[in-house]
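First the structure, in the form of structure tokens, and then the observations on it.
In listed order, ligands and their atoms are each counted from 1. The first residue of the sequence shown is numbered 1, and numbering continues consecutively from there.
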Amino acid sequence: MTKLSVNINKIATLRNARGGNVPNVEQVALDCERFGADGITVHPRPDERHIRYQDVRDLKAVLTTEFNIEGYPTDDFNALVLEVKPHQVTLVPDAPDQLTSNSGWDCVKHGEFLRKLVTLFQEHGIRVSIFVDTDLENINAAAATGCDRIELYTEPYAANYSKNREAAIAPFIKAAHEAHSLGLGINAGHDLSLENLSYFAQNIPHLDEVSIGHALIADALYLGLEQTIKQYQSELIHS
Ligand code: PXP
């Protein structure tokens, strides 16, 4: 069964727009769990424009499902992850001022840097996932870092889904087979939605987890959070 981790960064963005504590990020995360999410993902950025470092600490104290912290491994980020000890850390190569992640790691170029981080986090009992594109040589380089999983960057799939979904998913199927043969677990995320999730989950072998934020929170405006999470889970269950 593929797990659904809900990325709650957008909830923090909404809260930060007014400076108070509405909506309450902790409460929304607990409600996501109550409505059926298998995990919660946060992506703290250096300027704390979405999730704040203190949110991450507060969430760890209350969450009962799987906690995934994703982000660029600055010294501050690494210290936070080591303090909080989530179930999983996902390393993402995004620049501090980037709107959102828009590519995976070059694991050939940054192999040594990543390998040291993987070892450090694993020594503290934290599963490590590395955000990557579908390039097979790069996935081999990711495996060489000793990481536990890769997270496939699904934006190109989502962008091409409506034009030609068979062509859009083909490189992801190959990437998943390669990763599995290397002993890696497989996560995926970015621009997954009620439109494109089911086809992705049906066709990608060994898919451990999807992490979804933007489309899910946008859907919740119309459907409500409970119904939305149930619908995303239903797309996964019936695929
Ligand atoms: N995975 C990673 C590494 C991300 O950076 C993001 C966006 O923060 C997501 C998954 C979720 O993408 P989306 O918000 O488009 O669902």
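- Residue-ligand proximity, S211 to ligand 1, at heavy-atom distances under 4.0 Å covers atoms 1 (N), 10 (C), 11 (C).
- Residue nearest to atom 14 (O) of ligand 1, selected from K10, R45, H43, H214: H214 (by heavy-atom distance).
- Among the atoms of E151, some N or O lies under 3.5 angstrom from an N or O of ligand 1.
- Put simply, OH on Y153 and OG1 on T134 are 11.5 Å apart, with the number rounded to the nearest 0.5 Å.
- Of the N or O atoms in V92, none lie within a sub-3.5 Å distance of an N or O in ligand 1.
- Here's the thing with D191: one of its N/O atoms is less than 3.5 angstrom from an N/O atom of ligand 1.
- Within the model, atoms CG of L184 and OG1 of T145 stand 8.0 Å from one another, a figure rounded to the nearest 0.5 Å.
- At least one heavy atom of N7 sits closer than 4.0 Å to an atom of ligand 1.
- Residues satisfying the salt bridge (Lys or Arg N to Asp or Glu O under 4.0 Å) criterion with E83, sequence neighbours excluded, are R57.
- The distance from the CZ atom of F200 to the CD1 atom of I169 is 5.5 Å, given to the nearest 0.5 Å.
- By the 3.5 Å distance cut-off applied to N or O atoms, T90 is not counted among the residues near ligand 1.
- Which parts of ligand 1 touch I212 is read off a 4.0 Å heavy-atom cut-off, strictly below it: atoms 16 (O).
- Between N203 and F172, the closest side-chain pair of non-hydrogen atoms is not below 4.5 Å.
- Of all the atoms in ligand 1, the ones that sit under 4.0 Å from a non-hydrogen atom of G213 are 13 (P), 14 (O), 16 (O).
- Of all the heavy atoms of E70, the ones lying under 4.0 Å from any atom of ligand 1 belong exclusively to the side chain.
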* Trace of the salt bridge (charged side-chain N to carboxylate O under 4.0 Å, His left out) decision for E178 with K174 -> CA-CA 6 Å; E178 185 76 4; K174 282 194 190 134; over 6 Å; no
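- For K85, the salt bridge (Lys or Arg N to Asp or Glu O under 4.0 Å) test picks out no residue, with sequence neighbours left out.
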